[in-house]
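A, B, ... follow the sequence lines: proteins, then strands. Residue 1 opens every chain. Side chains are part of it too, since the values below use all heavy atoms of this structure and drop only hydrogens, waters and symmetry mates.
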2 protein chains.
Amino acid sequence: MVTLKQLSKELGVSISTVSKALSDSFEISERTKKKVLALARKYNYRPNNVAVNLRAKSTKTIGVIIPNIFNHFYTKILSGIEQEAKRNNYKVIVSISNETVSSEKEGISFFSNGSVDGILLAPSEETEKLGNYKHISALHQKEIPFVLFDRYSEKLNSDKVIINDFDSAKKTVKYLINKGREEIVVVSLIKHLSVGELRKKGAFDASKKITLLEFEKEEELEEAFLKLIKRKRIDAVLALDELSGIITLNIARTVAFKIPEELTIISFSQGVLSEYSYPKLSTINQHAKEIGENSVQLLLTRLKNKEASYKTRIIKTALEIHQT
Amino acid sequence: MVTLKQLSKELGVSISTVSKALSDSFEISERTKKKVLALARKYNYRPNNVAVNLRAKSTKTIGVIIPNIFNHFYTKILSGIEQEAKRNNYKVIVSISNETVSSEKEGISFFSNGSVDGILLAPSEETEKLGNYKHISALHQKEIPFVLFDRYSEKLNSDKVIINDFDSAKKTVKYLINKGREEIVVVSLIKHLSVGELRKKGAFDASKKITLLEFEKEEELEEAFLKLIKRKRIDAVLALDELSGIITLNIARTVAFKIPEELTIISFSQGVLSEYSYPKLSTINQHAKEIGENSVQLLLTRLKNKEASYKTRIIKTALEIHQT
DNA sequence: TTGAAAGCGCTAACAT
DNA sequence: ATGTTAGCGCTTTCAA
């Protein structure tokens with residue numbers, strides 16, 4: 001990589017002259033500017049980013065800590081983050097926590113050395129399970145701005161972008177009841193996530209007579225659901241996560257339920273899974289991309305004004321009914 | 001963030017003493033080391049990464065340009081990259097090309113200013129379609145080391161990590177023939193990708209009497225496949241990409257094929273889609289994670305020795321038969 | 001209109 | 001055992 005020094009030497013002018021010429025400063029004569037620009041182009045000069053960062057005391061980089069990159073929902077968020085960051089001339093560094101506290105801590109420490117201007121973070125499942133957020137709130141002491149997305153805790157005081165989980169679960173159950181469904185089952189494999197809790201509460205807020213099947217392992221849910229439908233007639237399922245939705249769908253099909261005539265299945269989701277399921281699942285779309293975009297916006301706002309009060313942005317979900 | 005300067009001031013020693021003490025230099029007395037360490041811990045001192053990078057003339061960062069982050073295959077590669085990078089104390093910056101040349105160029109220029117030590121790149125679909133790789137080979141002039149993964153071109157001289165696509169398609173067709181399948185259909189939605197071409201050639205190398213359904217749009221494939229199975233008896237499908245596999249599966253089911261008794265479907269894939277399809281697709285697993293890991297390894301080797309001859313690593317696929 | 005110098009935070013060769 | 005100095009590449013203030 002060519003440096004200002006090399007250019008200045010070859011041109012027989014000072015480093016600062018070259019620097020100013022390249023930033024089109026009014027101090028420099030047109031003749032010199034032209035010469036400098038020509039040589040810079042010839043060598044394809046690009047200011048060394050690291051040096052610029054050191055000087056500017058900013059990196060134009062956002063660190064993202066994401067729980068799981070195999071989850072389409074998070075992938076979509078990441079894509080939204082990347083786009084919005086690029087639009088604002090920021091780079092994105094990614095660290096994947098794999099839903100573990102240890103990797104999450106690693107990621108935070110990885111970013112806590114001036115590598116990034118700020119952090120976007122969705123706490124891992126383990127973090128939520130343990131309810132210990134100290135390593136995250138420690139960012140406040142380090143004066144590293146951060147924004148939580150998707151998952152959050154009352155214990156953490158920060159900017160955040162979340163989904164109206166409670167409301168959308170509640171609305172969906174009401175929708176089912178309106179459609180004349182009477183035996184509603186809520187299935188979930190995300191017991192330990194804050195969002196799972198909120199969705200569950202929302203559903204029960206709409207109706208007390210819901211059957212709840214909530215498990216940690218896929219097989220447990222499969223077994224329980226199979227048992228349930230053999231025992232009693234049900235006519236609607238609300239899945240609090242996509243995997244539960246797909247599993248339920250596949251089982252319902254093995255026992256020859258007509259979908260959606262006899263059984264409506266609606267699932268919180270964002271996924272390819274539901275998109276290419278057969279028949280296509282009805283979903284509660286979580287507008288993941290917007291979550292990503294909004295997180296970046298909130299962080300950039302924070303970077304501009306570190307003293308402002310914390311903001312929460314709530315991204316609305318949309319019920320998408322297929323195959324009705 | 002605390003700096004060496006601040007620590008040295010508070011301790012009443014020089015900056016270099018602090019620096020040396022923190023790196024446990026033999027030049028510094030135990031007493032001083034202890035004092036320094038204590039204060040550093042108190043303030044949670046971490047060396048400013050940007051300054052270290054500038055000084056070291058290396059960023060310990062790898063730039064990854066990935067065509068599509070919604071494709072589980074690439075996500076898995078990315079995960080492999082991230083893990084292997086972290087293992088070697090490298091960071092990962094991600095740029096998503098969305099299968100377009102323009103974004104790919106943007107990504108390359110984004111990384112070409114000293115932000116990264118090297119680049120991992122899978123060319124976009126558009127790049128492959130147009131066959132123009134100049135913006136990529138330009139990295140050679142800029143002396144930025146790069147490794148291609150998954151997709152490549154004869155036009156590009158570089159390190160690369162690829163799959164034995166030709167061979168595995170060939171082997172799979174042979175496998176089908178061995179199992180007594182006689183009417184084999186090859187379906188594909190990746191006509192324009194180099195890997196698609198290789199797989200196709202491999203399949204035909206195993207048998208000339210294959211029916212080929214190759215389209216750009218999902219609907220075209222759906223229509224053609226439906227027409228075909230109404231017209232003639234078929235007993236095996238080799239899908240060159242996961243989407244084709246799922247589409248074929250869903251259609252075959254609507255016309256009540258017994259799978260796999262009457263119709264074997266095997267798909268190139270890596271996906272959640274095939275994992276949660278019903279019945280579960282048989283797949284040609286591409287070991288995506290290993291592709292990512294190997295790419296990082298190749299790049300790090302290159303960084304150590306820029307003059308070595310270019311290496312190609314071929315990752316073997318594995319045929320995984322389900323529901324037989 | 002141009003150049004010299006300082007400084008971002010760090011390391012390391014070279015004094016003391 | 002500790003300190004001084006130079007320099008990584010850049011921008012910017014101040015001086016010429």
Trainee: With a 3.5 Å cut-off and sequence neighbours excluded, list the donor-acceptor pairs that the side chains of residues 61-71 of chain A form with protein atoms.
Mentor:
| unit_1 | atom_1 | unit_2 | atom_2 | d |
| --- | --- | --- | --- | --- |
| A:Thr61 | OG1 | A:Thr59 | O | 3.0 |
| A:Asn68 | OD1 | A:Phe70 | N | 2.7 |
| A:Asn68 | OD1 | A:Asn71 | N | 3.4 |
| A:Asn71 | OD1 | A:Phe73 | N | 2.8 |

Trainee: Quick one: side chain to side chain contact (heavy atoms under 4.5 Å, CB included) partners of A:Lys33, sequence neighbours excluded?
Mentor: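 Scan of A:Lys33 (side chain to side chain contact (heavy atoms under 4.5 Å, CB included), adjacent residues dropped) gives A:Ala21, A:Asp24, A:Ile28, A:Glu30.
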Trainee: Return the set of residues passing salt bridge (Lys or Arg N to Asp or Glu O under 4.0 Å) with A:Asp150 (not counting sequence neighbours), or none when no residue passes.
Mentor: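 For A:Asp150, no residue satisfies salt bridge (Lys or Arg N to Asp or Glu O under 4.0 Å) once neighbours in sequence are set aside.
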Trainee: Under the rule for side chain to side chain contact (heavy atoms under 4.5 Å, CB included), what residues qualify as partners of A:Val13, not counting sequence neighbours?
Mentor: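 A:Val13 satisfies side chain to side chain contact (heavy atoms under 4.5 Å, CB included) with A:Leu11, A:Thr17, A:Val18 only.
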Trainee: With DNA chain C as reference, determine whether B:Asn48 or A:Ile28 sits nearer its 5' end, using the nearest nucleotide of each.
Mentor: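 The answer here is A:Ile28.
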Trainee: Restricting both atoms to N or O, compile the protein contacts to nucleotides 6-8 of chain D shorter than 3.5 Å, with distance only.
Mentor:
| unit_1 | atom_1 | unit_2 | atom_2 | d |
| --- | --- | --- | --- | --- |
| D:dG7 | N2 | B:Arg55 | NH1 | 3.2 |

Trainee: Within residues 6-23 of chain A, find the residues that approach DNA chain D with a heavy atom at under 4.0 Å, and present them sorted by residue number.
Mentor: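 A:Ile15, A:Ser16, A:Ser19, A:Lys20 - these, ordered by number, are the residues of the stretch whose heavy atoms sit under 4.0 Å from the strand.
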Trainee: For A:Lys60, enumerate each residue passing the side chain to side chain contact (heavy atoms under 4.5 Å, CB included) test, keeping only those at least two apart in sequence or located in another chain.
Mentor: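 In terms of side chain to side chain contact (heavy atoms under 4.5 Å, CB included), with neighbours along the sequence ignored, A:Lys60 is linked to A:Ser58, A:Tyr90.
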Trainee: Does anything in residues 3-58 of chain B pair up under ring-ring contact (aromatic ring centres under 6.0 Å, His included), and if so which pairs, sequence neighbours excluded?
Mentor: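 Found none.
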Trainee: Rounding to an integer number of Å, can you tell me how far A:Phe26 CZ sits from C:dT1 C1'?
Mentor: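 So the CZ-C1' distance, A:Phe26 to C:dT1, works out to 11 Å.
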Trainee: Look up atom NZ in B:Lys20 and atom OG1 in B:Thr32, then write down how far apart they are to the nearest 0.5 Å.
Mentor: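 Rounded to the nearest 0.5 Å, the NZ-OG1 separation comes out at 12.0 Å.
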Trainee: For residues 29-41 of chain B, which residues have at least one heavy atom under 4.0 Å from DNA chain C?
Mentor: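 Heavy-atom contacts with DNA chain C come from no residue of residues 29-41 of chain B; none.
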Trainee: Partners of B:Lys86 by salt bridge (Lys or Arg N to Asp or Glu O under 4.0 Å), sequence neighbours excluded?
Mentor: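 Counting only residues at least two positions away or on another chain, B:Lys86 forms a salt bridge (Lys or Arg N to Asp or Glu O under 4.0 Å) with B:Glu82.
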Trainee: Between atom CD in B:Glu27 and atom P in D:dG3, what is the gap in whole Å?
Mentor: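 Nearest whole value for this atom pair: 12 Å.
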Trainee: So, OP1 or OP2 of D:dG9: does either fall under 4.0 Å of a side-chain N or O from A:Tyr45?
Mentor: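 Answer is no, no contact under 4.0 Å.
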Trainee: Keeping to residues at least two apart or across chains, list the salt bridge (Lys or Arg N to Asp or Glu O under 4.0 Å) pairs with something in residues 116-137 of chain B.
Mentor: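 Residue pairs passing salt bridge (Lys or Arg N to Asp or Glu O under 4.0 Å), neighbours aside: none found.
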Trainee: Rounded to the nearest angstrom, tell me the gap between atom CG in A:Leu4 and atom P in C:dG7.
Mentor: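 It works out to 20 Å between those atoms.
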Trainee: Checking B:Lys42 now: which residues fulfil side chain to side chain contact (heavy atoms under 4.5 Å, CB included) with it, not counting sequence neighbours?
Mentor: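 In terms of side chain to side chain contact (heavy atoms under 4.5 Å, CB included), with neighbours along the sequence ignored, B:Lys42 is linked to B:Glu10, B:Leu39.
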Trainee: So, B:Thr3 and B:Gln6: side-chain donor and acceptor under 3.5 Å apart, yes or no?
Mentor: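 Yes, a side-chain donor-acceptor pair sits under 3.5 Å.
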